Each structure stands twice: as structure tokens, then as C-alpha cells.
There are 2 protein chains.
Amino acid sequence: MKISTKGHYGVQAMFELARHYGMGPVPLKTIAGRQEISEHYLEQLIAGLRKAGLVSSVRGAQGGYILARDPADIKVGDIVRVLEGPIAPVECVNDNETEHCLRSEFCITRGVWEKVKDSIEDVLDSISLADMCKEAEKEMKECE
Amino acid sequence: MKISTKGHYGVQAMFELARHYGMGPVPLKTIAGRQEISEHYLEQLIAGLRKAGLVSSVRGAQGGYILARDPADIKVGDIVRVLEGPIAPVECVNDNETEHCLRSEFCITRGVWEKVKDSIEDVLDSISLADMCKEAEKEMKECE
DNA sequence: CCAATCCCTACTATTTTACTTGGGTATCGT
DNA sequence: ACGATACCCAAGTAAAATAGTAGGGATTGG
């Protein structure tokens, strides 16, 4: 039950973009430097997010990346699904999967994984980038 | 966000043992045949469950495996933790992990993973093998 | 023009997964 | 006693996924 660094880094990067929303494009170097991870690797992850329409890019000097939508309209679930694939602990509870478990009679366990999937989706689809920014601000104030 | 076949097979095997609880030991061959998977591989998984105290074994002819406790006292979470390791989408929300994220200032995303972890654990620790047996029986009746 | 950026494809080392192989050991029924 | 039925144990291994690296090309602001 792990997510890979893709999802981990990706959500952090998107959070970083959310914090700069409305303040012009943020270059890769800034995002990567902040997280102390490989620029080139992060670039690939963001490429996926761009193709999925979550991020837009500005090329050339002073360019960088911007959120394609308002932070309130981007849920963590959107990001995770792009980078990690469909949220489904086992294949047979994947919605995109057309051929449902042929031996469903032996598959009483399926109900369990379905419940797990639903609960993960509930959480990830209930948290937006805007929520995370609010949370971060609250923590800042507590430190005063 | 996938579990491996270990957890998948393991839970199915334990469910099978739960259905035979109180009816003597169930040999590996029966369990594996039912699931159409490699006997030898399943053997390794059950070995783990035995070492963890969830299953006991009876050697020799007419031997096999038995649940070590009442099905109501074994939660799916117990099984998954043995076979998949601690339930934590990212390392830094693993309870066993002593050194907490040193750069927690950059780790606003941590709150998200913690919520995911809690929700998965809630589900997995709320379902016992006895619950699954009850569920299976109910489905049987619906088919009449 | 040129430096700062994003864009794209391919390659690679490491780790994990999902087994397979090949034995050994205990017990029951006869 | 003995052989069939089981569990027990340690290694090996092929394939896939992960987590990057490497190297160059295309845009654009100053």
C-alpha cells in the first residue's frame, strides 16, 4: 500500500505551484530546489500533469509552470490518478476494467478492496490544493 | 496505490481457512486449488502468517493449516500488515518510523498521506474474517 | 544573439515482484 | 516399518516497475 515517488513529488510540486498561483510562472529549478530532488526527473512528472491538463507551461526565459485551473478546482486525487494510474488496490475494483472478475464466486474478498478504494478516493477527492494552502497558512500562524 | 499479490492471495487464503474454522486442518493443496495459484508461492505467504501467529499448522498426513484464533478476532488489517508491511502510503507517515520528516516545513503534503493512511486502516481494521464469512453467506442466500 | 527555460526520447541501475527449484522433516494409516 | 501425505526451508531467477540519467532540441525575453 505505497505510492511511489511520482505521486509524492508530484503532489508537492503542485502544492508549490498553488502557492504561487496568480504570481506568474514558476520555473522547474525553483520547484525542484525546494524539494531537493532531480530537476530532470521532476520535469517528466510535470510533463504528465501538463498533458493531463492540470498544468500549463510558458516557454523561454522567465518561463515556467502555472496551474491550469484555480487551486480550489484541483483535487489531490486528480494529481495522483495522473501520476500513479487509477486508484484501485487490486485490478478487479478498477472502474476502467471492463471484464469483471470471472470467478466472482471465489472473490468474496473483492468487497474489501472496493471499500478500501472508496475510502481512499473519498479522502483524495475531498482535498484541493486550495485546502492545502489554507492548512499551510494556519500552521504558519500557529508558529508565531 | 496497489497491493501486491501477496496481500491479495493472503487474504483469500485466510478467508478460505475461516470458512473451514472448527472443521480440522485445511491442506495447502485445497486452498491453492481453489484460487488457482502456485502452491509453493502460497506456502511462503502462509509461512509468514504462521510466524506472525495468525495461523497454526499441523504436519504430516491429514495435516494442513488452521486459523490460530477465532475468525472474529482476525482483521483484514492484521493479514495485510504481515504480508505487505506497514500500511502507510509514504514512509513519513509510518508509525514505526522514528525519525520524522526532518524538513517538515516543506512537508505540508504529509497531512494528506496521514489522512489516507488513517482511512485505509479504518476500513481494514474494521473487517474481520467472520464478517467476510457472514457476507458470503448473505450473498449465497440472495442467489436462491 | 544568448541565456534561461521548457520539450522530448532514450538509456540504465536498482529494487521489487512473483514466482520456481530442490530439497528436508513430521505424521498417519496400514 | 514404510510410504504417501503433508508441512518446512533456503536459494535462485525472470520479468516488471521504479527512480532516475544523459543528451540534445525548440522557444523566448532582454
Side-chain angles (χ1 to χ4, degrees), chain A residues 1-13 16-17 20 24-33 35-68 80 82-86 88-91, chain B residues 1-13 16-17 20 24-68 80 82-86 89-91:
Chain A
M1 296 303 290
K2 295 270 182 294
I3 63 157
S4 67
T5 55
K6 286 184 199 169
H8 197 170
Y9 294 170
V11 171
Q12 282 192 119
E16 206 57 34
L17 290 183
H20 291 85
V26 185
L28 193 59
K29 198 189 276 185
T30 309
I31 310 170
Q35 299 180 217
E36 293 177 27
I37 61 171
S38 150
E39 260 181 73
H40 237 9
Y41 184 43
L42 186 57
E43 189 177 25
Q44 289 171 46
L45 307 186
I46 295 190
L49 295 167
R50 185 174 48 79
K51 277 166 197 157
L54 296 177
V55 166
S56 13
S57 58
V58 180
R59 299 182 70 168
Q62 272 65 51
Y65 296 97
I66 318 178
L67 290 186
V80 171
V82 169
L83 295 171
E84 300 272 330
V90 297
E91 272 316 314
Chain B
M1 296 303 292
K2 296 271 184 295
I3 64 156
S4 67
T5 55
K6 286 184 201 170
H8 197 167
Y9 294 170
V11 172
Q12 283 193 118
E16 206 55 35
L17 290 184
H20 291 85
V26 185
L28 193 59
K29 198 187 275 183
T30 308
I31 311 171
R34 189 96 174 149
Q35 300 179 216
E36 292 178 27
I37 61 172
S38 150
E39 259 181 75
H40 239 8
Y41 184 44
L42 187 59
E43 188 177 28
Q44 287 169 44
L45 307 186
I46 295 190
L49 295 167
R50 186 173 48 80
K51 277 166 197 160
L54 296 177
V55 166
S56 17
S57 58
V58 179
R59 300 185 70 168
Q62 272 68 51
Y65 296 97
I66 318 178
L67 291 188
V80 171
V82 169
L83 295 171
E84 300 273 329
V90 297
E91 272 314 315

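Protein chains get the first letters and strands the later ones, always in sequence-line order, with residue 1 at the start of each. The model shown is predicted, which means the values in this text are computed figures rather than measured ones.
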Starting from the C-alpha separation in whole Å, work towards a yes-or-no answer on side-chain contact (heavy atoms from CB on, under 4.5 Å) for B/H8 and B/Q12.
-> CA-CA 6 Å; B/H8 197 167; B/Q12 283 193 118; 4.1 Å; yes
Could you state the atom-to-atom distance from CG of B/L45 to P of D/dC7 in whole Å?
-> 14 Å
NZ of A/K2: more than 12 outside heavy atoms within 6.0 angstrom?
-> yes
Side-chain contact check for B/Q62: nearest option of C/dC28, D/dG20, C/dT20 is C/dC28
From D/dG23, C/dA18, C/dT20, nucleotide with atom closest to A/H40 side chain | D/dG23
Between C/dT16 (C1') and A/M1 (CE): distance, integer Å = 17 Å
Assign A/L28 to base, sugar-phosphate, or nothing according to its heavy-atom contacts below 4.0 angstrom with the strands shown.
-> sugar-phosphate
Phosphate OP1/OP2 of D/dG20 contacted by A/Y9 side-chain N/O (<4.0 Å) = yes
From OH of B/Y65 across to P of D/dT5 the rounded distance in Å is 17 Å
Closest to side chain of B/S4, choosing from D/dG20, C/dT5, C/dA18 | C/dA18
Quick one: B/K6 NZ to C/dT16 C1', roughly how many Å, whole number?
-> 8 Å
Taking for each residue the nucleotide of DNA chain C with the nearest heavy atom, is it B/E84 or A/S57 whose nucleotide lies nearer the 5' end?
-> A/S57
Please give, in whole Å, the distance from C/dC6 P to A/L17 CG?
-> 10 Å
What closest approach, in Å, do B/Q62 and B/P25 show between heavy atoms, and which atom pair accounts for it?
-> O-CG, 3.6 Å
Side-chain-base donor-acceptor pair under 3.5 Å for B/R59 and C/dT25 = yes
When you check the phosphate oxygens OP1 and OP2 of D/dT21, does a side-chain N or O of A/S38 lie under 4.0 Å from one of them?
-> yes
Consider the side chain of A/Q44, meaning its heavy atoms from C-beta on, and name the nucleotide among C/dG29, D/dA22, C/dT27 that approaches it most closely.
-> D/dA22
Checking only heavy atoms, does the side chain of B/E43 share a donor-acceptor pair with the base of C/dT20 at less than 3.5 Å?
-> no
Among the candidates D/dT5, D/dT18, D/dG29, find the nucleotide nearest to the side-chain atoms of A/A61.
-> D/dG29
Quick note, B/Y41 side chain, CB onward, closest among C/dC19, D/dA19, D/dA4 is C/dC19
Atom CG of B/L42 and atom C1' of D/dC7: how far apart are they, to the nearest Å?
-> 13 Å
